[in-house]
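Input: a single structure, listed below in structure tokens.
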Amino acid sequence: MEYNFTEIEEKWKKVWAEKQLYKVTEDTSKPKYYVLDMFPYPSGAGLHVGHPLGYVASDIYARYKRLKGYNVLHPMGYDAFGLPAEQYAIETGTHPAITTEKAMARYKEQLDKIGFCYDWDRKVVTCEPGYYKWTQWLFLQLYKSWYNRETNKAESIETLVKRFAAFGCDNTWIQFDEEAHPVFTAADWSIFPEHKKELILQNYRMVYRSSTEVNWCEALGSVLANDEIKDGKSERGGYPVTKKKMRQWSLRITEYADRLLEGLNRIEWSDSIKEQQRNWIGRSEGAIVDFKVNAPLVNGELVIQVFTTRVDTLFGVSFLVLAPESELVSLITTDDQKAIISEYLTYVKSRTDVERQQEKRVTGAFTGSYAVHPVTGNDVPVYIAEYVLAGYGTGAIMAVPADDERDRKFAEKFQLPIIEVIDKSMYEGATIEDKVGKMINSDFLDGMEVKDAISAMLDRIETLGIGKRKVNYKLRDASFSRQRYWGEPFPIKYKVFGVPDSPFADENPDDIADIPFALDESLLPLELPAVSNFKAGGDGRSPLANSADWVANNYETDTMPGYAGSSWYFLRYMDPNNAHAFASKEALDYWQQVDLYLGGSEHAVGHLLYSRFFTKVLHDLDFLKFDEPFKKLVNQGMITGVSQKILYDAHNDELGSHVERTSNTIFYEGSSCTLPEKASRIYYSADAIDCLPTYSREFIKLAKNVQIDFVNPNGVLDIEQYINWRIEEENAAFVCRGGIYFKGNFYENLNPIENPSRDFKTKAEVEKMSKSKYNVVNPDDIIAEYGADCFRMYEMFLGPLEQSKPWDQKGINGTAGFLRKLWRLFYDDKAGFKVTTDDATPAELKILHKLLKKIEYDMEHLSFNTSVSAFMIAINELTELKCSKHAILNELVIALAPFAPFTTEELWAALGNTESIHLASFPQFNEAYLVESSFNYPVSVNGKLRATVELSLSLGQDEVLAQVTELENVKKWMEDKAVKKVIFVKGKIINIVV
RNA sequence: GCCCGGGUGGUGAAAUCGGUAGACACGCAGGACUUAAAAUCCUGUGGCCAUUGCGGCUGUGCGGGUUCAAGUCCCGCCCCGGGUACCA
């Protein structure tokens, strides 16, 4: 009987669906295990072979855990709100819901073909009202809570309101932050109007509305979060991003900075991701130091606060620098410097983020004012410069040119004094960044090590009252508003008393038009209104501003960002259809954390940080018992594609020609070939380059991607197919070693050169798999040709899960051969089913149990590639022994079932089993079968391998040595030299030192 | 620049505690079967030398070191991939 994978797969897919084989319940009789894949965005292009890599791995693991007796939750769903569908809607008018629905159906079809064990009844889709009702509900929980720094957790906003009613707010309170929190008494609070109270509460809510500098992307018509920007451009589309002040919703994630750092120590994630999160949070310990402004024009006291991590260098301060955006700038600029400062500010504004990052110029301007050094009493000039960022620390620095590279460059340019304060001569190779050395020119600090000087100075500034210790973070509160249609509406209304507000309006504290009020939970979900125009509302307004109804109700017109829905989806899988809660307490307490989370490393800071934040808030509010969402995280590597490129001549190219091609003749070394007319462009076979004259080679540098299907396994391009695809190339010439293809004819080379091949060869290159590179391989095609089991095994066989590797179609024959070989242990072409009930021999049992042991080890280490090898070895060995025994094969197929669910199910049934193999128990390996009686010892003389010999493991060192020294080759190398030392490790090695 | 990964045959890779480097596959070469092809099977396959056999030398990015023994540990460097960047 033939191995017909298509038939087998169709058959079992149906049976499994009918029996609801993968249905999962909260079965308390079994230990639980939660395996999760990162939430896919259903793109219209469907899946390519790179996408399912992680899904296959998690599926194998989930199935393995099930065989091991666990109740496994392994769900799938879609992160279905998103920009591509909305962009498509803007272009075509097709509603994003329709586009998304189609894409999801396509995904499901592709995923089902691969044979994943998802319980589709638990599917979660973020754009469905049944789901986003709870995203909105979650938003309200955040809105109705504040972060209490005394208890160090989020709690109900009611406790804060009570506090204000009883005590008001004063600056001795731990929560107090001068910039954000106004001072008032309990009596004040009692008479504040509603909107004023709300305005104050916005300073504390976990989600709040404020006017902040945001990343505005004009092309997308929307605000972007920091992690959605790469190199100063939008991650999606690569459009320019500028800074703009806008009214926005933000998440108060900064309150969790320390707990987000601490939690990293309790989870099993890769060092690289943990490190990225630590860097993103960017905790640094330092101090705020006050410098009084000693300006002629200032009446009263004006203080510039600087943040520094290096208080030890305070005596090295020779000037201060403010961020150009600082509000102090206008206050301290002297009349005679006004022109220079204003000119500089204009320059700074003209610079985009991209320009700033690409060329770092030393620029700045003097304000004309001086500040008083708080310790020495000296005057230090105050500058502004773009290298100081408004958003970090206090937006002002004390410059120590002796110990900071940027300060030094600035000082050199503006000829400011450089005061050496640290002697690093005793530390060889220490750089300016290293916090080592002995203090000099620093008064009472002189002679101290940097470390001691820092703590001594911290004490001193606090005693003097000129500063205080301060921990600073790079982490910003996260922007939570998007000017888009295809996202969750906010459950927020504005009570408009004044004029409708513009998002770009300057902050006006008396403007009460912008005071938000939360909808009651009973009104959820607040569904997205149907609109016909998906374009932005203009002037920074969202598409929802186009809906008259929506605007009339004074609903928030922004929508939530992508991460709103994807930050908590793993909780919804636990109880996806619950209409009364985001998930029941029983389900949450049963499933708890995700035990194993698989996905790409591109979500290192975005999704993975927000999910941790949401989890911690829900934990604080007593919804969850755990405070970290993902116990173990594994990042699968990317599967790259092999692109096929053709090289062409840049002489007459649109990129600019400087050598006009005048002749119809192409020259080879020692030969030539003439075409009847001039070609529109000349392409060169990759193997023809070396037979061209040197002078023309240098122009052949450009490469163009061609559809990979046009290239045969030997790298030869089908020129006709290519021209049919790119009709504008019909007059192009294709130069091979043997001659030239031109307009369907072949013109032979006049004098034959070496290997005058007529093959036109492409150049292969490894790149990301993408539509635009024409190198996409669709899993559907692979499955049609080789079957899903073969596809699954090959994906795993390619290499370690976490490593990125190119997709090479050729190797798949290996796993295809393996499955056929396995099949032939069961079926003979002529004789048919040939499994016997004979007793297994010790040799056969050893093969089986060696395999079982290996698989168990590999599974725990997620080493799927070596598992596949182990199966191959076992099947090879059993084939060698012609073993078709029930006792062996029945257990072997169970072990293989997670990898090849279809084939093993078929064989399992053939073996006479009536229940599904996927409900079986993983066979326990028995160490007794693995005991070896002898070992093939490698014998070394002076550490070099000279012979191997099979010896009983019962022998001791002396007996082994006696046997070994009789070996001819060993004798030869020992000659008559005296034996100095013998190293003998039983079952490992014997090494004789002479 | 800084922080994480990584570097082993023609290719993907394996080597789990420092103990026979290259398992398992692909590819390639030769052979069997076949009218032929495909499929299948057998043999060989790191490099160099020897090949009549035993074998010998060399080899895990480079240079050192520790050790009876190093792909694995230590020191210094080079290259590739990812992240990040005026963060005070």
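Chain identifiers are assigned alphabetically (A, B, ...) following the order of the sequence lines, protein sequences preceding nucleic acid strands; residue numbering begins at 1 within each chain. These values consider heavy atoms only, across backbone and side chains, with no hydrogens, waters or symmetry-generated copies.
Here A:K944 reaches the OP1 or OP2 of B:U58: one of its side-chain N or O atoms lies under 4.0 Å away. Contact annotation: A:R278 side-chain N/O to B:C3 OP1/OP2 distance is not under 4.0 Å. The phosphate of B:G27 has neither OP1 nor OP2 within less than 4.0 Å of any side-chain N or O from A:K810. When the side-chain nitrogen and oxygen atoms of A:W973 are compared with OP1 and OP2 of B:G56, one or more of them lie within a distance under 4.0 Å. Between A:N876 and B:A25 there is a side-chain N or O to OP1 or OP2 distance below 4.0 Å. A:R946 has a side-chain polar atom (N or O) that falls below the 4.0 Å cut-off from OP1 or OP2 of B:C57. Within the structure, a side-chain polar atom (N or O) of A:N865 is placed less than 4.0 Å from OP1 or OP2 of B:A14.
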### Query
What dot-bracket string describes RNA chain B from 5' to 3', counting Watson-Crick and G-U wobble pairs whose defining distances are under 3.5 Å, with [ ] for crossing pairs and | for pairs to another strand?
(((((((..(((......[....)))((((((.......))))))((((.....))))..(((((..]....))))))))))))....
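Classified by interplanar angle (parallel below 30°, tilted 30° to 60°, perpendicular above 60°), the ring pair A:Y61/A:Y64 is tilted.
Residue pairs meeting the salt bridge (charged side-chain N to carboxylate O under 4.0 Å, His left out) criterion with at least one member in residues 275-287 of chain A, sequence neighbours excluded: A:D258-A:R283, A:E275-A:R278, A:R283-A:E285. Counting only residues at least two apart or on different chains, the salt bridge (charged side-chain N to carboxylate O under 4.0 Å, His left out) pairs with a member in residues 387-404 of chain A are A:R310-A:D403, A:D403-A:K424, A:D404-A:R406.
No engagement by A:K409 is indicated, since no non-hydrogen atom pair under 4.0 Å with the nucleic acid exists. At the heavy-atom level, A:N472 lies nowhere under 4.0 Å from the strands shown.
Nucleotides B:C57 and B:A70 place their P atoms 15 Å apart, quoted to the nearest Å. For the C1' atoms, the distance from B:A13 to B:A21 is 13 Å, rounded to whole Å.
For A:K834, the NZ atom counts as densely surrounded, since its 6.0 Å shell holds more than 12 non-hydrogen atoms of other residues, nucleotides or ligands.
If you take CG of A:L801 and P of B:A13, they are 13 Å apart, rounded to a whole angstrom. For the pair A:K980 NZ and B:U67 C1', the interatomic distance rounds to 14 Å; values are reported in whole Å.
Panel note: side chain A:H607, backbone A:E602; no donor-acceptor pair is recorded below 3.5 Å. Put simply, the side chain of A:N472 never gets that close to the backbone of A:S284: no donor and acceptor are under 3.5 Å apart. Formation of a donor-acceptor pair under 3.5 Å by the A:T309 side chain with backbone atoms of A:G286 is not found in this model. At distances below 3.5 Å, at least one donor-acceptor pair connects side-chain atoms of A:T640 with backbone N or O atoms of A:K805.
Shown here are the side chain to side chain donor-acceptor pair (under 3.5 Å) partners of A:N865, two or more places apart in sequence or in another chain: there are none. Listed by chain and residue number, nothing satisfies the side chain to side chain donor-acceptor pair (under 3.5 Å) test with A:S455 (two or more places apart in sequence, or in another chain). Looking at residues two or more places apart in sequence or on another chain, you find no side chain to side chain donor-acceptor pair (under 3.5 Å) involving A:S869. For the side chain to side chain donor-acceptor pair (under 3.5 Å) test, residues two or more places apart in sequence or in another chain that qualify with A:R469 are A:D459, A:E462. Applying the side-chain contact (heavy atoms from CB on, under 4.5 Å) rule to A:K853 yields the partners A:F925, A:E927, A:L930; only residues at least two apart in sequence or on another chain are considered.
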Show me, pair by pair, the donor-acceptor contacts under 3.5 angstrom made by side chains of residues 791-799 of chain A, not counting sequence neighbours?
residue : atom : partner : partner atom : Å
A:R792  : NE   : A:F899  : O            : 3.0
A:R792  : NH1  : A:D59   : OD2          : 3.0
A:R792  : NH1  : A:I114  : O            : 3.2
A:R792  : NH1  : A:G115  : O            : 3.1
A:R792  : NH2  : A:D59   : OD2          : 2.8
A:R792  : NH2  : A:P898  : O            : 2.8
A:Y794  : OH   : A:D808  : O            : 2.5
A:E795  : OE1  : A:L53   : N            : 3.3

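Interface residues of residues 790-798 of chain A facing RNA chain B, ordered by number: A:F797, A:L798; criterion, heavy-atom separation under 4.0 Å. Residues from residues 391-405 of chain A that place a heavy atom under 4.0 Å from any atom of RNA chain B, listed by number: A:Y392, A:I397.
Looking at the side chain of A:N813, the nearest of the listed nucleotides B:C26, B:U20, B:C4 is B:C26.
Centroid-to-centroid, the aromatic rings of A:F414 and A:F319 stay 6.0 Å apart or farther.
Counting atom types as modelled, A:K854 pairs a side-chain N or O with a base atom of B:U16 as donor and acceptor under 3.5 Å.
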### Task
Go along nucleotides 6-11 of chain B 5' to 3' and tag each nucleotide: B for a protein heavy atom under 4.0 Å from its base, S when only backbone or sugar atoms are that close, - otherwise.
------
